Each structure stands twice: as C-alpha cells, then as structure tokens.
Amino acid sequence: MKVVIGLSGGVDSSVAAWLLKEKGYDVIALFMKNWHDSTGVLKGDCPWDEDVLFAEMVAKKLKIPFHTVDLSEPYRKRVVDYMFDEYKKGRTPNPDVLCNREVKFDLFVEEAMKLGAEKVATGHYSRIEETKINGNTIYRLLSGKDQNKDQSYFLCQLSQEQLSKAMFPIGEIDKPEVRMIAGREGLATATRKDSQGICFVGKVDLPVFLQQKLSARKGSIVEIPVEHKKWNVFPEGIPNTELSDEQLKILSSPYRYDPVDGFNVGEHNGAHFFTIGQRKGLNIGGKPEPLFVIHVDVETNTLYVGQGHEHPGLNRKGLFIPWGEDHWIRRDRKMKSGEDAEMLVRIRYRQALQVARLYARKDGIFIIFKDLQRGITPGQFAAWYDKEEVIGSGVISE
RNA sequence: GAUUCAGUAGCUCAGCUGGUAGAGCACAUCCCUUUUAAGGAUGGGGUCCUCGGUUCGAGACCGAGCUGAAUCA
C-alpha cells in the first residue's frame, strides 16, 4: 500500500516514516512549505529552509522518494487570516487545530492523493482505531500511548473522512523510544530539538506578530477587587442531571464587568493583544499578588484584571458552545437537545483531563466541570473524551 | 500658618536598641510546551530626598531645607 508521510524535518515524523517502511509500506515523503515570512518570528530563524534539508536527509537515508509542496497561500487564507480575525474580536484562536483540519488533513492529503497514496501519515502522538458499530465503520481517535506527549487535542476537529485516510505510526510508542530509534537508525533528526510555537510559523512574539494587521490603541486596565463583586457561589463537585437552562446559564456564563466595578490601575496598548489568564505584559507592579487578565472587552478597549491565582473572576465552573460550533468525531454519539453525559474535557493542550458533564440544550452545549477551571477562553477549543477517545470538540463561545 | 507622619530598587513597602540594604509585584533570560496562557528556575537593577553635624562607622541619631499626606485653624 502506498502511504505518504508528511515529513516535517523533526524527529517524530522521521521515525514515523521509518516505522512505516519497517512495516513494509510503500512510503513517499512529502514536505509541506506553509510559511516563509519571518515578521515577528523570534530569533529570525524562520526555520523551514533548514527543515527541508533535514527532511530530505531523512528521506535519503530511508531511501524513499522526496517531494515538496507549497501550501503557504491557502495556509495564510485558512489559518493566519482566521487568527487575525479572532484576535480582532478579542478572542484567542488555536491556529494549530485549524492547521490540522484545514491544511494538513485537507489540502495536504489532496496533494498526497495526487502522488497515488491511499493513506497519509503524520508524526502525531495519537492513535486511530477502526471498528464496526451497527455495521458502520467508525474511526476512533485515541490519545497517544505516551500520555505526556499526547497530541490528540490538536486533532479534535478532524472528521471521519479525514481520519479514514490518516495514520499515526508513533502513536503506539513514547517519545524516548522515538529518540532512541532515530539515534539507532542514524536519522539526521535524532537529536534535533522539538519544534514549538505555531506550527510552520514558529515561535512568535504574538503582540509584534499581530501588529502586522491589528493596530495598537491605548486603553485602560481596570482591576476588579476580589471583594467587590457578588460572585456566584458554585456547588461543589459535578452537578446532577436535573439542571434548568437558567441554572446552566448561570453556571457557564462569564462575569460581565463595567469600569465602575473596579478602579483604574494602568494602561495597555490594545486589549486584543491580551488573553484571559495572562499575567505577563501588563506592566503593573506594586501589588502583593500578581494580576491576571480576567476579561477582554474589545468594544471599549478595556482590560479587566484580578489579583491572585484564586481570583473568582479567573476560575469558572462552566462554559458554553453554541450549536454549529460543535464537532463530533464520533458522529454516532452526537448529543441531542435534552441529553446530558459525563465526559472528560480539556480546554487546552496538555491539560489533564477534567471531569465534567455536558448538557445539550436548545441553543447549544453547556459544559459544567467538577472543579473550577482557570482561564476559560473564548476562541479556544474544548475537547471531550470518553476515557482515551476523543468524542468531539467545540469552540468556546463564552 | 501650626502640628504630626512619610520620603529606601520601576511600583508597594520591610529594615530590630547605628556596622555600607531586603521582600512581594513588575521586568529580563532560560526551562517546560507543535495554540494562547499558566507554571518552574535564574537574574538585572538602589548617590537609602538634599545639605550639614555627631560617631571609628548612619538608611537608621541631631539640625536645616525640599517634597508629599493627614490633622488643626
């Protein structure tokens, strides 16, 4: 069987390619160029030129054909523009989840098919399991065997169609083993540092990067005192199934603030450059405890902050995802209005799975957590799991 | 105008009965991390308002001045 491996120039995809070859697949390497602008990229090492070299070296070593494809234009349209758009709205996007859904497992797969591939493999720490349920083939997306490196979160927006063509060879092994194999097989990427930052763009100074499209505009920073507001008192533990829409709304809604709720403590260069839970960059000292962003209001260009890790404005019980923003990898398990289910949920990469209950209602899905969650941020993805399987995900609306 | 209190790192302050300064926050760097954050580690920084005096030695004691705050009238 012909398989295209997306070689990135990193160690993970290199070992994935080796594993495929070992298993006897007819492997073709395809390197994808997605970005060649280094504006705002730290250390100037827009590294793709170096990445190609490494990818090519690995391909040569494995004696597999090597191709490249330039997808930078669609990447810009489908991922980067979305980023700017979201930040402009005061939300915090996750470009890498989009990159997977829109580019790697879409356009890149199309390119791979042109090369005659049946499947496309990547170096993700995740697993796919094909099963039959009621006579239908279902592809289950599972967490990687290496729980520490599990990257299933980044794949939480993939569809059954996309999964049906995907392979994750290193999902069955852990990172130390990947390094070991790369070293043993003499792959050039064996000791190469793991990539970080937005995939393909690199590690960026976000405010600088965003200023390409979003202008700086001074606004005020308002501190909301811990004792000022009438905070909700949330019930301990996981709520029961008998909650009214009204109760769910209270449990999941963010607090609304007004400048008169607090006092002015400083000035910022643009509320849209900040995200909820952020501590660094506020440039306000003199407080016994650190300040964290608890709300971003781009309408009035006001940043609301709270003092201390335990500030009530920073820790919430739930969140809301409207219908249309939800996505089900397991289509057969899509919830209908009126249903509820206990799930494990994470709201950011590498967060330990959190116990929560999902409530499907008329307008969308409410997720109420067992424990308070720090920094629930609109624009980010919540992904829900049943044990090690990703069931679905959605964009946090508020 | 008088009285009292205050003036120490970017900010808020601590420095016991005198021996050439510290904490939190902020900031920087590094680590962690294929998102945003958070988190961890390390670090840079101070004519201790000014001038004079006492003392072997003053941020600390005394005097004068400057600045700010409160109270009194």
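Only a predicted model underlies this, so the values are computations on that prediction, with no experimental measurement involved. Proteins come first, then strands; the chains are lettered A, B, ... in the order of their sequence lines, and each starts at number 1.
Across all strands shown, B:U71 is found opposite B:A2 as a Watson-Crick or G-U wobble partner, with both distances under 3.5 Å. Across all strands shown, B:G57 has no partner, as no Watson-Crick or G-U wobble contact with both distances under 3.5 Å is found. When both distances must be under 3.5 Å, the Watson-Crick or G-U wobble mate of B:C16 does not exist. Across all strands shown, B:A38 has no partner, as no Watson-Crick or G-U wobble contact with both distances under 3.5 Å is found. Pair assignment for B:C27: B:G43, on the basis of Watson-Crick or G-U wobble contacts that are both within less than 3.5 Å. Pair assignment for B:A9: none, as no Watson-Crick or G-U wobble contacts are both less than 3.5 Å. Partner assigned to B:A21 is none, using Watson-Crick or G-U wobble distances below 3.5 angstrom.
Note on A:Gly375: nothing from the nucleic acid sits closer than 4.0 angstrom, heavy atoms only. Among the protein residues, A:Leu98 comes within range of no part of the nucleic acid, since none of its heavy atoms lies under 4.0 Å from any strand. When heavy atoms are screened at a 4.0 angstrom cut-off, A:Phe381 is found touching no nucleic acid atom at all.
The 5' end of RNA chain B is approached more closely, in terms of each residue's nearest nucleotide, by A:Pro290 than by the other of A:Arg374 and A:Pro290. In this structure, A:Val97 and A:His309 both approach RNA chain B, and ranking their closest nucleotides by distance from the 5' end singles out A:Val97.
Residue A:Lys89 places its NZ atom among more than 12 non-hydrogen atoms of other residues, nucleotides or ligands, all under 6.0 Å distant. Other residues, nucleotides and ligands contribute at most 12 non-hydrogen atoms within 6.0 Å of the NZ atom of A:Lys370.
In this structure, A:Lys104 atom NZ and B:U35 atom P are separated by 11 Å, rounded to whole Å. One can place CZ of A:Phe108 at 20 Å from P of B:U34, the figure rounded to the nearest angstrom. Look at CG on A:Leu210: it is 15 Å from P on B:U35, rounded to the nearest Å.
Residue A:Arg279 places at least one side-chain N or O closer than 4.0 Å to OP1 or OP2 of B:A26. The side chain of A:Arg350 places no N or O atom within less than 4.0 Å of a non-bridging phosphate oxygen (OP1 or OP2) of B:A38. OP1 or OP2 of B:U34 has at least one side-chain nitrogen or oxygen of A:Lys149 nearer than 4.0 Å.
Side chains of A:Asn148 and A:Arg350 form a contact here, defined as non-hydrogen atoms less than 4.5 Å apart.
Residues A:Ser152 and A:Ser143 have side chains that never bring a donor and an acceptor to within less than 3.5 angstrom of each other. A:Gln157 and A:Ser393 form a side-chain donor-acceptor contact under 3.5 Å, judged by distance and modelled atom types alone. Checked by atom type, the side-chain pair A:Gln351/A:Gln373 shows a donor-acceptor distance below 3.5 Å.
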Query raised in the report: Given A:Tyr125 and A:Phe168, is the ring pair (Phe, Tyr, Trp, His ring centres under 6.0 Å) satisfied, shown in steps?
Result: CA-CA 7 Å; A:Tyr125 288 89; A:Phe168 307 128; over 10 Å; no

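Between the base of B:U35 and the side chain of A:Gln380 there is a donor-acceptor pair shorter than 3.5 Å.
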So which protein N/O to nucleotides 8-11 of chain B N/O distances come out below 3.5 Å?
residue	atom	partner	partner atom	Å
B:C11	O2	A:Gly286	N	2.8

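Aromatic rings from A:Tyr75 and A:Phe108 are positioned such that their centres are separated by 6.0 Å or more.
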